[in-house]
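Please see the structure below; I have some questions.
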Amino acid sequence: SSLTQVVHSAGRRFIVSPVPESRLRES
Amino acid sequence: AEDTGLRVELAEEDDCSNSSLALRLWVEDPKKLKGKHKDNEAIEFSFNLETDTPEEVAYEMVKSGFFHESDSKAVAKSIRDRVTLIKKTREKKPPGC
């Protein structure tokens with residue numbers, strides 16, 4: 001989705017996406 | 001374990017079939033971090049229990065600009081704590097979960 005960004009570093013892939021609202025409320 | 005302000009959890013169910021895990025990390029308490037970081041964004045990554053180290057993943061996250069150098073220890077600790085818990089859980093379950 002447009003909200004997900006993929007970053008590569010030293011051969012490792014990081015997928016960045018918004019924290020689900022439900023998880024934010026938990027904290 | 002001391003709270004680092006970061007949360008690490010399994011991004012997918014651990015099927016114990018191999019040493020690779022999908023983990024997700026995000027900032028739960030921004031006040032506990034020293035440097036700049038991206039709020040409200042979860043970072044999903046793979047972690048190989050046999051070949052990867054939390055410090056190495058934390059270093060790559062700092063290099064990728066997700067966290068400031070001053071927080072790399074907290075990032076590594078959060079990953080280490082979760083990985084340790086997952087390993088203990090795997091030990092308790094029958095082989096192949």
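By convention in this document, chain letters (A, B, ...) are assigned in the order of the sequence lines, proteins followed by strands, and residues within each chain are numbered from 1. All figures in this text were calculated on a predicted structure; none of them were measured in a lab.
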Give me the atom names and distance for the closest heavy-atom approach of A/Val16 to B/Glu41.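 Looking at all heavy atoms of both residues, the shortest contact is CG1-OE1, 3.4 Å.
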Report all side-chain donor-acceptor pairs from residues 61-70 of chain B shorter than 3.5 Å, counting only partners two or more places apart or in another chain.
unit_1	atom_1	unit_2	atom_2	d
B/Ser64	OG	B/Glu60	O	2.7
B/His68	ND1	B/Ser70	N	3.0
B/His68	ND1	B/Ser70	OG	2.7

Do B/Leu10 and B/Val75 sit in one hydrophobic cluster, given that two such residues count as connected whenever their side-chain heavy atoms are within less than 4.5 Å of each other, even indirectly?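 Yes; B/Val75 is reachable from B/Leu10 via cluster members.
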Flag yes if more than 12 heavy atoms outside B/Lys38 fall under 6.0 Å of its NZ atom; otherwise flag no.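 Yes.
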Considering only heavy atoms from C-beta outward, does the side chain of A/Arg12 approach that of B/Asp52 to under 4.5 Å?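 In short, these two side chains touch, coming nearer than 4.5 Å.
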With sequence neighbours excluded, tell me which residues meet salt bridge (charged side-chain N to carboxylate O under 4.0 Å, His left out) with B/Glu55.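 Result, salt bridge (charged side-chain N to carboxylate O under 4.0 Å, His left out) vs B/Glu55: B/Arg80.
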What's the spacing between A/Gln5 CD and B/Ile43 CD1 if we round to 0.5 Å?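 A/Gln5 atom CD to B/Ile43 atom CD1 measures 9.5 Å (nearest 0.5 Å).
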